[in-house]
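Per chain, numbering begins at 1; letters A, B, ... match sequence-line order.
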Protein chains: 2
Amino acid sequence: MLADRLGLHVSTVSRVLHAKPDESHRAASSATVERVRRLADELGYRPNPHATSLRTQRSNLIGVLVPRLSDIVLATIYEGIEEAAGEHGLSTFVTNTRDVPDFQRARTDMVLARRVDGMIFGDAYIDAGFLGEVAARGVPFVLVSRRAGDYPSVTCDDYLGGRMVGEHLLSLGHRDVAVVAGEPYASTGIDRSAGFADAYAEAGIEIPAHRFTHSRFDARGGHEATERLLAAGDPPSAIFAVNDFAAIGAFGAVRDHGLRVGADVAVAGFNDTPLAAELPVPLTTVRSPMHEMGRRGLELLARLLQGEEVSSERLRPELMVRASTTAVLT
Amino acid sequence: MLADRLGLHVSTVSRVLHAKPDESHRAASSATVERVRRLADELGYRPNPHATSLRTQRSNLIGVLVPRLSDIVLATIYEGIEEAAGEHGLSTFVTNTRDVPDFQRARTDMVLARRVDGMIFGDAYIDAGFLGEVAARGVPFVLVSRRAGDYPSVTCDDYLGGRMVGEHLLSLGHRDVAVVAGEPYASTGIDRSAGFADAYAEAGIEIPAHRFTHSRFDARGGHEATERLLAAGDPPSAIFAVNDFAAIGAFGAVRDHGLRVGADVAVAGFNDTPLAAELPVPLTTVRSPMHEMGRRGLELLARLLQGEEVSSERLRPELMVRASTTAVLT
DNA sequence: CTGAAAGCGCTTACAG
DNA sequence: CTGAAAGCGCTTACAG
């Protein structure tokens, strides 16, 4: 269509439009180059990506799977992915799997049916069984947020973050502590819990098994898990919830038991979501670089797609101390 | 490829695969139909969507623009959109515009370059100027969350929701109230504020202009806006923040002024996000059907794409009364 | 320096 | 009942 209006053959137009600035002389005469570029600009011409994909066997599309986009942590990671994708000329598809294996499988099939060039999983199970199948199909992919097996991943150094919280609570004199540990299949909760437990172990304190309880990652889940911890009538002096939403749920359960967060029971979270600092009792938490994690994840995948060797990255967390662990009175 | 293995022509295979169950006899003999279907199943065959799009001039792709996916309200709406899209055989692309007009334009261009069949805007400005341009280009679209002009939209009945909060606070005896009103370009904040003000006006109380202040829609923005309301040293007895996150920010500002939420200053929000009920002081708020809004938005667009006439929908809100407006003591 | 051809994987109207 | 052709909009290696 551009070609028609210029009286040129489409192949000439295509060559011009794809020439790198310094190689335009091999595409056409400078007068032709000039004419083509001007009209393309004027008309806002954009090549049909379906035709391009069909011809080049490359879609420049990336499929992203997350447990839930309504979890601000994953949404923020995805924002990083999308931002970096734009800079690499890639487009992204996201979809929710709710951590349900059947959905992970079905969504992966759907994404692959769209002929993506690669995938990013934000919902990896620690056992990596399903990822093995994906790898066997030859699909290039990376993980974000959670690690699994030896697949390339970009995560927060969750173990270190857990240690930081442990050391912080130890320094405040808490000896009887509990952990709202998240889902058993997610490396985030596993590593954060382990780092926390190790900090205590090194101080000579073994946290008993009944002080650990799994939980969903949302507020409701944190509430229920904390309820289980408090039901015995022997409350710990501090609770580490492995993410901020679970910590907010812990706030609710502590409140329901007539206890005050900060004064009676210290509560710490993980992620430093934007709400943490604004809560009526500001939440002590570990800042994890969520947006950056998404960016790096996309870049790792981009390098993988170029055929480069890549290795996993672990980003540095930072402890944010606030009133939920330090308030004497709320 | 299927065709090769079956010794059939691709056109035959294509016909079989596209025949409706009751018309398969017009596609091929029942034996052939059976063979094609069996092998397609076995191989997990999925037609290349780029080829199909190119041929049919329909991409079955929908572009979705939102201010930010890390806003749980929009993320939840998008989940509804995506869910319904799956049921209609459509795929969706989302992208963030941060409510910045230049980004709205750039992202729209990008989405259109991908040859989507239609768009859903979750980031409409009330003046609808930009949407006019999009309409002029002949792109089918609907709005969700915010209304604008006469374009088809699916929203919460925000005006009614605002009235509900007004009537609730009136019934509690609050006469000096303030509003954290959100961004001036968003119909959500505008309509919620108007409903609230009208409830007061009908009770004979004109809320003075200095008791309204605009704000971003996040916690930080709500904090800053409430700070402005409280700076004069003459605090209102109740504050209506037009969304939950701004309300949580209001919590922070109230706290910083040595006042207690619920006891000294009543605070109400909007949306009933999952956190509202879990806060140390549970938040009174208006439940808006976010997921449903997304579903209906997609369905409205699907009907529009079928060439049907469509009209806007307004979903019913529900008041959730909690301690942030009723606690005598926190 | 530019054009013409082939072909990516489909769908559809037509022929036999 | 099935095949063959045309064509969607591109890109690329080749010819002239």
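Side-chain contact between B:Arg68 and B:Leu74 is absent, with no heavy-atom pair separated by less than 4.5 Å. A heavy-atom distance below 4.5 Å is found between the side chains of A:Leu61 and B:Phe93. Using a 4.5 Å cut-off on side-chain heavy atoms (C-beta onward), A:Asp99 and A:Arg216 make no contact. In this structure the side chain of B:Ser153 never reaches within 4.5 angstrom of the side chain of B:Arg146, judged on heavy atoms.
Between A:Leu43 atom CG and D:dG9 atom C1' there is a gap of 16 Å when expressed in whole angstrom units. Here the P atom of nucleotide C:dG9 and the CZ atom of A:Arg114 are 17 Å apart, to the nearest Å. Whole-Å rounding puts the A:Arg15 CZ to C:dG3 P distance at 8 Å. Rounded to whole Å, atom P of D:dC8 lies 20 Å from atom CG of B:Asn60. The CZ-P distance, from A:Arg35 to C:dT2, rounds to 9 Å in whole Å. In this structure, CG of B:Leu17 is placed 15 Å from C1' of C:dT12, rounded to the nearest angstrom. Taking atom CZ of B:Arg58 as the reference point, atom P of C:dG9 lies 24 Å away to the nearest angstrom. For A:Arg115 and C:dC8, the CZ to P distance is 14 Å, given to the nearest whole Å.
Contact check on A:Arg295 versus A:Glu299 returns a salt bridge, with a Lys/Arg side-chain nitrogen under 4.0 Å from an Asp/Glu carboxylate oxygen.
Between A:Thr52 and D:dG9 there is no side-chain N or O to OP1 or OP2 distance below 4.0 Å. At the phosphate of D:dC10, OP1 or OP2 sits under 4.0 Å from a side-chain N or O atom of A:Tyr45. Proximity of B:Gln57 to the phosphate of D:dG9: a side-chain N or O atom is located under 4.0 Å from OP1 or OP2. OP1 or OP2 of C:dC10 has not a single side-chain nitrogen or oxygen of B:Ser14 nearer than 4.0 Å.
In this structure, of D:dT2, C:dG9, D:dT11, it is C:dG9 that holds the atom nearest to the side chain of B:Asn48. For B:His9, counting side-chain heavy atoms from C-beta on, the closest listed nucleotide (D:dA5, D:dC10, C:dA5) is D:dA5. Residue A:Ser11 has its side chain nearest to C:dA4 when only C:dA4, D:dT11, D:dG9 are considered.
Taking a pair as Watson-Crick or G-U wobble with both distances under 3.5 Å, DNA chain D forms stems of 3 or more consecutive pairs at C:1-3 with D:14-16, C:5-12 with D:5-12, C:14-16 with D:1-3.
The environment of A:Glu309 atom CD is sparse: at most 12 non-hydrogen atoms of other residues, nucleotides or ligands sit within 6.0 angstrom.
One finds the NE2 atom of A:His88 at 10.5 Å from the CG atom of A:Leu305 (value rounded to the nearest 0.5 Å).
Nucleotides of DNA chain D nearest to B:Leu54 and B:Thr32 differ in position, and the one nearer the 5' end is that of B:Thr32. Annotation: of the two residues near DNA chain D, A:His18 and B:Ala51, the 5′-most nearest-nucleotide partner is B:Ala51.
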